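Letters A, B, ... are given to chains in the order of the sequence lines, protein chains preceding strands, and every chain is numbered from 1. Please read these numbers as outputs of a predicted model, since none were measured by experiment.
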Amino acid sequence: MKISYQWLNEWVDLSGFKTPAEVGDLLTARGLEVEGVHNLAEGLDKVIAVLIIDKQKHPEADRLSLCKVNTGQGEYLDIVCGAQNMNKGDIVALAQIGALLPNGLKIEKSKIRGAVSMGMLCSETELGFSNTSDGIIILPEKTPLGWKLADILGLEDTIFEIKLTANRGDCLSHRGLAREIAAAIGKPLKNPKVSTLNWQGSPIKLELNAGEDAPQFFGCYMEGVKVSPSPHWLKSRLESIGQRSINNIVDVSNLLMFEYGFPVHIYDADKIEGGVIKVRRSERGEKLPLLDGGEIETTGEELLIVDGKKPIGLAGVMGGGNSEVSESTTRIFLECAEFNPTLVRRAAFRFSRRSEASLRFEKGIDPAGLREAIARLSDYVAKVAQGEAMGSVSAELPSRKQLHVKTISVSAGYINDFLGTHLEEAKMITILEQLDCKVSPAAGATNTGQVKILSVNPPSFRLDLNIPQDLAEEVARTIGYDAIPTSIPVLTGMPKSKQGNLAAHRLNVIDEMKDTFARSGLNEVLTYAFQSESWIQKFGFTSTVKILNPLSEDQGFMVPSLLPGMMKAYQENERHHFGSEPLAVRLFEVRPSFEFKGEGAIAAKSETETGVTETWKVSFLISGPRFDQALKSERGEVDFYDLKALAEELFDSLGTKGIRMRAADASLLGSLSHLYHPGQSIQVAAGKEAIGFFGRVHPKLEAELKLRQAIYWGEFLIDPVISLTPQKEGVFKAWSSFPTMERDYALLVEDSVPAENLIQSAIKYGKPIAKVVKIFDTYKGAHIPEGKISIGVRVIFSDEVKSLEEKQVDQCSELIVKKWQDEFGAQLR
Amino acid sequence: MSEIQNQIREKGQAALEQIETAKNLPDLDQIRVSVLGKKGSLSEALKTLGQVPAEERPKLGALANEWKSKIEAALEIKKTALEANQIEADLIKTKIDVTIPSRKVHVGSLHPITTTVRKISETLGRIGFDVTVGPEIETDFLNFEAVNIPKDHPARDMQDTFFVGPGVVLRSQTSPVQMRAMRAEKWPIRILCPGAVYRCDSDATHSPMFHQIEGLWVDKKVSMSDLKGVLGFFAKELFGTDTKIRLRPSYFPFVEPGAEVDVSCMLCAGKNHKCQVCKGTGWLEILGAGMVHPRLFELAGYKSDEVSGFAFGMGIERIAMLLHGIPDLRLMFHGDQRFLKQF
């Protein structure tokens, strides 16, 4: 919102401030944030009025003109100009050489298509007056030549750009802000003299038919109005705050809104039929042509202004095109009314017509100020359009005739406790009274003894003051937040609840997962939780959570898996990777994924239930050389077993119990068989629950995505892992202090026999002394029959309490071998 | 006898000379065998001892042992010398170019959002805050109404929210976690709620998904000066001991009074009018804060006259960008390892 310094100064004496910027600082300090302070004359000091004494076509360019101008200072300059709207004899604005215009343009002597130009004739855009322009500015006849444009236009104002918070609708006007400043500096508000209207004799009557949704309406009938362009003062006042001047009638209604904060409307009284204006809820399907040329069809929800025969306005949002003031209008009817903020807001949204007016209604107007506002408006009309108020009319519900006065009970002690301050009660009363609150000290008792309770009646325009905390804020922002002391709160309470402990454990495990993967050389990535539907489907997933208002289709669906995002991240790295240097990618992510498993469509089930399931997952991806840097012969390429190591390290590091892994073929992969290589994948289970897979990306998918190299990836559910990860600290385990013994075996088995089974069998039958079983070699090829594989197995035996004897180990070894033979058809080579 | 004596001396002398000139360990070993071995020269000489009279034998025996020791000592000295030479020689053979770049394993990294959340929660953890998290898809009730933003409230304009169904939104702030926490447990409450939030906004300074962390402290007689104290501590710990904070009155529906919180520019401390970080103002807006609105206590089932509290919230990306000098928010979500590996 733009606010004029000069205009504010008419409402409150600003002479105590050294600069407009100081006023800005005061407003910011009081919570009315000033985002910018802009001097209107800035950049215009070298722009002067000149007379065009000659205009020729540029010999080299049809669209350019060669002008000779008289600066009024004995100088005649040649200017090249691209605009077409000026003629010989016009007085125009010349930016002289050396000018630095508000739009950043620096004016220098130049040659344009061979013709010298000693400056530039300016348009409104170039001078920062407007975003659009229809050519260069033509100044009025008799404008003194050589004068600075800023002086001619009276541009000595400073404009504040204010970012108002949603609660301070009362400050959406010059008067409102002036009131704040007046309270802050302890000066009175300079209220203008406003005529008293005659509340009789209006030929148009009012009816309120919408209950409390339209509780009051004031009208004023005026005759003898002359619609014409606005006088200079009005034009420049509106232009200074970024509003375009239309005509004197439209302009005064805007003027009143920016001055008083009340949106008002002016009808052509002759177009109002039936001698009546009513407010009521619309019916479905009523049609209303609007001022902006559009037409709306009502839904039955919005408030309508109607006359005896037709709708003539969308209440609070926009007037009707069928009752609009035109150039020939002489009789008008002024409207100043109050409408339900919610209905106005919804209607403005529904018909995409949010405006300065609807904004003010949405935030709430002062319910006690309408009578004065309409009188002020009629004064303005009389001043600029020669109208005469013939009679006024009002309609008020009882709730407005006898306005309810809010009372807030609060004690100085409460405010001091709440803010941590030590202010005198008298000081607080002064602060509140300066803000137009009525404060009446009243004795009251609380359970802590006799405490002086203050009864505070906030002014009608402060819709935001309702509870003691609101008053505390008024006190705080008046003394300044800097004046509030600093303290560290006292720690009270007890240790965490059981539930709190579990939640903390969960977060700890998640942190540890991240640390483990980072230690293993993976880089944590964060990908968008939404992706396009087709991208999600490419990986065999289906999103069940659709964003109804996505920014783009690419971000239309919440992900059921982190892998689609993970692949995007991989591709991002491939995309910017050039040359023959190998590409090493190491990524992981920990985040929730989203699924809706309910019936029908997603809808809130209760205050706190959405029906959407959020499942935390961890995903990880490796690809490329094993070493970050090494000689070509040494760097290697990661393969499945590097991936497997990552998964195992993760669970080892967490101390998770009951993790099981088994080879995942296409049938086990199921709907994910598109994702993983069926011969290089593992399914992971935590306890009895399958929690995910890891493996090589399916070669088909690799080809489809045109990946440059093999990728190994995986994804697990996190919460089943957390519940199998002990919360207790790890307990020390002693190792055997006696020497170990080893036996190595070369086994010939069918190549379909999983090595893991040989290991488990050896552990099982070698109990309790077979402690470690390792696969140290595998071999296929020469001397090995087709379909068989040679596997080198080493078993390490040890005992905690004594030295092992050869005989004991031999017996154990024999049993192990026998079981290998019996169960897996293994032969010793 | 003197013949034998002479023989021992000669052979001994010869052996010492051979040892002296031995070139390498195998040669030396051969010498050892040829002198001291069963059929070695010294041994052969001793074999003749049997032919000398018994009374001379001890003398000769002593002589022979003397020479044996001499030779053994010489052998040992030579062996040590030759071994040392061998190591020297091997050193030269096994010399490598140590300036060839190393064989480096991949060093992993945590995302700056993670490290920043940890930094913030460790700092505030020291004065009593615990971390808690909540769902990213929330009810309209918890996202808005429970934080005092009823339907059609103008404050809804402040946030453009993604919807996934009637009354179901991608949370536009982490505040729903506060209400969940208060409904789950009785006060005192001291929590930090970090997490992803979503708003329909995307440009160089806005991402449709970003992260926030909110703090909530509810107890008896918590005051606004406590809020200032906690935020001041936080700012100094995070940005350096010289950091100052400034509170400006502002409005958020869930607090009363509300404040925007600025920290002094850690780059220029307000001394550089052309500072890129603070745009010459000397201050950076990083936080919103205030005293918890009593309406929230009522919705949580607390008695609003028994407790008071403060809450604050900030964008984690903004803090991370300030701490690390990251120029563009979007870098956070692209997964580019050139970015990720820096943290």
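Counting only heavy atoms from C-beta outward, the side chains of A:Glu524 and B:Leu340 never approach each other to under 4.5 Å. Residues A:Ile467 and B:Pro294 are in side-chain contact: their nearest non-hydrogen atoms beyond the backbone lie under 4.5 Å apart. Looking at B:Met224 and A:Tyr481, their side chains come closer than 4.5 Å, going by heavy atoms from C-beta outward. Side-chain contact check for B:Asp226 versus A:Ile488: every heavy-atom pair is 4.5 Å or farther apart. Looking at heavy atoms from C-beta onward, B:Ile137 lies in side-chain contact with A:Val545 at the 4.5 angstrom threshold. With a 4.5 Å cut-off on side-chain heavy atoms, B:Val133 and A:Arg506 count as touching. At a threshold of 4.5 Å between non-hydrogen side-chain atoms, the residues A:Pro489 and B:Phe310 count as touching. Side-chain atoms of B:Glu136 and A:Arg591, non-hydrogen and from C-beta on, do get closer than 4.5 Å to each other.
A:Glu607 contributes atom CD, which lies 4.5 Å from atom CZ of B:Arg183 (distance to the nearest 0.5 angstrom). Residue B:Glu256 holds its CD atom at 7.5 Å from CD of A:Gln469, rounded to the nearest 0.5 Å. A distance of 7.0 Å separates OH of A:Tyr414 from OG of B:Ser308, quoted to the nearest 0.5 Å. The CD atom of A:Gln499 lies 9.0 Å from the OG1 atom of B:Thr132; values are rounded to the nearest 0.5 Å. Taken from CG in A:Leu551 to CZ in B:Phe162, the straight-line distance is 4.0 Å, to the nearest 0.5 Å. The CG atom of A:Leu631 lies 6.0 Å from the CD1 atom of B:Ile100; values are rounded to the nearest 0.5 Å.
The candidate from A:Thr28, A:Val590, A:Leu587, A:Asp511 with the greatest count of non-hydrogen atom pairs under 4.5 Å with chain B is A:Asp511. Chain B forms more heavy-atom pairs under 4.5 Å with one residue of A:Ala472, A:Ala503, A:Ala476, A:Pro592 than with any other, namely A:Pro592.
Neither the backbone nor the side chain of B:Phe343 has a heavy atom closer than 4.5 Å to any heavy atom of chain A. For B:Trp187, no part lies under 4.5 angstrom from a heavy atom of chain A. With a 4.5 Å cut-off on non-hydrogen atoms, B:Asp140 does not touch chain A at all. Interface residue B:Asp219: only side-chain heavy atoms are found under 4.5 Å from chain A. In this structure, the portions of B:Met209 lying under 4.5 Å from any heavy atom of chain A include both its backbone and its side chain. With a 4.5 angstrom heavy-atom cutoff, B:Phe339 does not touch chain A via any of its atoms. Only the backbone of A:Ala29 has a heavy atom closer than 4.5 Å to any heavy atom of chain B.
Closest approach of A:Leu491 and B:Ile127 over heavy atoms only: CD2-O, 3.7 Å. Residues A:Pro485 and B:Ser225 approach most closely at O-CB, 3.0 Å, considering heavy atoms.
Looking only at distances, a side-chain donor or acceptor of A:Asn549 sits under 3.5 Å from a matching main-chain atom of B:Thr161. A donor-acceptor pair under 3.5 Å links the side-chain atoms of A:Asn573 to the main chain of B:Gln337, judged by distance alone.
Other residues, nucleotides and ligands contribute more than 12 heavy atoms inside 6.0 Å of the NZ atom of B:Lys236. Crowding of A:Lys546 atom NZ: a count of heavy atoms from other residues, nucleotides or ligands under 6.0 Å not exceeding 12.
A:Thr610 and B:Thr139 are not linked by any side-chain donor-acceptor pair at a separation below 3.5 angstrom, with hydrogens and angles left out of the test. Neither side chain, B:Lys220 nor A:Thr492, offers a donor N or O lying under 3.5 Å from an acceptor on the other.
Looking at B:Arg246 and A:Asp482, no side-chain N of the basic residue comes within less than 4.0 Å of a carboxylate O on the acidic one, giving no salt bridge.
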Candidate pair B:His106 and A:Val585, rule side chain to side chain contact (heavy atoms under 4.5 Å, CB included), full reasoning = CA-CA 10 Å; B:His106 293 280; A:Val585 183; over 6 Å; no
